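To start, the structure under review is shown below, and the notes come after it.
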Amino acid sequence: MHPSRPAPAPRWRVLVALLTALAVAVVASGCGVTRGSDDPNNRRLRMMIPNSPGGGYDLTGRAAAKALEDNELTGRFEITNVLGASGTVAMQRLLNEEGADDLVMVMGLGVVGAVYTNKSEATPREMTPIARLVEEQEGILVPADSPFKTVDDLVEAWQADPGSISVGGGSSAGGPDHLFPMQLAAEVGIDPKDVNYISYDGGGPLTTALLGEKVDVGMSGLGEFEGQIEDGSLRVLAVSGDERLDSVDAPTLTEAGVDLVFTNWRGVLAPPGISDEQRAYLVDLFTDMHDTAEWQEALEANGWSDNFATGEEFEDFLVEQDTRVADTLEELGLT
């Protein structure tokens, strides 16, 4: 060995040094993109959406993610559409990720109903409520040449022979388009079990059924029917919210003499078991998102009503909705 050259370090020391350096590099690179980052601009969050691209949950979730990213309120969102059992597959996955502090899920009334009809153990009450984002009225739609010109016309014929009136909706049992006609029937003195409800896979097939007069009346959110309402091929007898919609020339059910207010809604949950600090971070994050111009533009563009709520207000609302859905489905023998 050359007398001026230092002795090489033992191989095991070199290996330990390399592994240590690698571990430090991994931790350092991960701090800014996953859990626990103090820098929101670098923080990655995951979002699950419990239906296919283009659906109501998908539109809501992607609009929220875009507003957050465009305003640099957080880092990159990884959005995953988790399909199956009307949202309960996604709910089970959320439950399975207990304690995950980088995950949120968009959900709404349809998921609350699906939990019961699919007998899922992953219920909204077990999750961590973050924020209610939007609500959407249901409309009562008929073809242009329908004999029903008013809500009174429909109710009179419905009461005379409930089974003779076919009611189409874009939801399976437990979804908003199913729950709305059931609650409407009960309010006007019709046994919900006698309602001739026909389920379609979303607004597109329901539109085809209405235009082809395969159903007498449709009950659904109005966003997917704007073109047909505008050109007059479909008429709106009434809307289901507290107030009229600016975009539709139709009374509310209350104005039409039916004491019922019904709205679909969508919000955000996190997994169970996250820290109070993480819950507060997510609540603040979506509160900041709600105040952006991009979000307000999304509300207007999609015809959504702003019903933002967090904390105890959203928790109490979830319990109320859960109870109301459970009671309706129990009356129908679906739970």
Side-chain angles (χ1 to χ4, degrees), residues 51-59 83 85-87 108-110 113-114 117 136-186 188 190-240 245 247-250 253 256 258 260 262-264 302-303 328-329 332 334:
N51 69 349
S52 57
Y57 296 130
D58 186 72
L59 293 174
L83 311 185
S86 302
L109 180 58
T117 56
E136 185 176 31
Q137 298 195 34
E138 294 273 304
I140 301 176
L141 295 140
V142 294
D145 59 355
S146 169
F148 306 134
K149 306 301 181 185
T150 65
V151 172
D152 281 342
D153 293 339
L154 171 62
V155 169
E156 183 178 352
W158 210 11
Q159 290 171 332
D161 188 357
S164 69
I165 306 297
S166 55
V167 180
S171 299
S172 57
D177 292 0
H178 172 255
L179 293 171
F180 173 49
M182 299 305 158
Q183 293 184 15
L184 177 58
V188 299
I190 296 169
D191 188 339
K193 293 180 181 178
D194 293 336
V195 174
N196 179 14
Y197 179 78
I198 302 173
S199 174
Y200 292 90
D201 187 18
L206 177 57
T207 300
T208 301
L210 282 165
L211 295 177
E213 299 186 0
K214 294 180 180 179
V215 292
D216 297 306
V217 60
M219 300 194 189
S220 183
L222 298 178
E224 295 180 75
F225 304 90
E226 289 181 358
Q228 291 75 27
I229 294 170
E230 185 174 346
D231 68 20
S233 55
L234 292 178
R235 292 186 288 109
V236 182
L237 300 185
V239 294
S240 66
L245 293 173
S247 57
V248 177
D249 183 18
L253 280 172
V258 180
L260 176 67
F262 181 100
T263 55
N264 187 17
N302 291 283
T328 299
L329 295 177
L332 295 170
L334 296 175

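Here the structure is a predicted model, which means the values were calculated and not measured.
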Given side chains that start at C-beta, do those of N196 and I165 come closer than 4.5 Å, heavy atoms only?
-> no

Look only at the side chain of S233 and the backbone of Q228, and say whether a donor-acceptor pair between them is shorter than 3.5 Å.
-> yes

Output yes when a side-chain donor or acceptor of E213 lies under 3.5 Å from a complementary backbone atom of P143, and no otherwise.
-> no

Is the backbone N or O of G163 less than 3.5 Å from a side-chain atom of D194, with the two atoms forming a donor-acceptor pair by type?
-> no

Would you say D177's side chain and G169's backbone share a donor-acceptor pair under 3.5 angstrom?
-> no

Take L184 and V155 through the side chain to side chain contact (heavy atoms under 4.5 Å, CB included) test and state the conclusion after the steps.
-> CA-CA 10 Å; L184 177 58; V155 169; 5.8 Å; no

Please report the C-alpha distance between Y197 and S171 in whole Å, then the side-chain angles of each, then the deciding distance to 0.1 Å, and finally whether the side chain to side chain contact (heavy atoms under 4.5 Å, CB included) criterion is met.
-> CA-CA 10 Å; Y197 179 78; S171 299; 4.1 Å; yes

So how far is it from L154 CG to D216 CG, rounded to the nearest 0.5 Å?
-> 9.0 Å

Of all heavy-atom pairs linking A85 and A114, the shortest is O-CB, 4.0 Å

Can you measure from NZ (K214) to CG (L206) and round to the nearest 0.5 angstrom?
-> 12.0 Å

Those residues that, when tested against N264, pass side chain to side chain donor-acceptor pair (under 3.5 Å) (two or more places apart) = none

Taking all non-hydrogen atoms of both residues into account, name the closest pair between L253 and L260 and its distance.
-> CB-O, 3.8 Å

Residue of the set I140, V151, D152 for which side-chain contact (heavy atoms from CB on, under 4.5 Å) holds with V258 | V151

Euclidean distance, L334 CG relative to T328 OG1, rounded to 0.5 Å = 10.0 Å

CG-OG1 distance between L332 and T117, expressed to the nearest 0.5 angstrom | 11.5 Å

Test side chain to side chain contact (heavy atoms under 4.5 Å, CB included) applied to F262 and L109, step by step | CA-CA 11 Å; F262 181 100; L109 180 58; 3.6 Å; yes

G203 to F225 - nearest heavy-atom pair and separation | O-CE2, 3.8 Å

How far apart are the C-alpha atoms of S52 and L83, what are their side-chain angles, what is the distance that settles it, and do they pass the side chain to side chain contact (heavy atoms under 4.5 Å, CB included) test?
-> CA-CA 6 Å; S52 57; L83 311 185; 4.1 Å; yes

From I198 CD1 over to H178 NE2, what is the distance, rounded to the nearest 0.5 angstrom?
-> 12.5 Å

Greater than 12 external heavy atoms within 6.0 Å of D231's CG = yes

Counting only heavy atoms not in K149, do more than 12 sit closer than 6.0 Å to its NZ atom?
-> yes

Minimal non-hydrogen separation, F148 against V142, with atom names | O-CG2, 4.0 Å

Measure the OH-OG1 distance between Y200 and T207 for me, rounded to the nearest 0.5 Å.
-> 11.0 Å

Could you tell me whether the side chain of S240 and the main chain of Q137 form a donor-acceptor pair under 3.5 Å?
-> no

Over 12 foreign heavy atoms within 6.0 Å of CD, E230 | no

Residues A186 and P192: closest non-hydrogen pair is CB-CG, 4.0 Å

Which heavy-atom pair separates A250 from V239 by the least distance, and what is that distance?
-> O-CG2, 4.4 Å

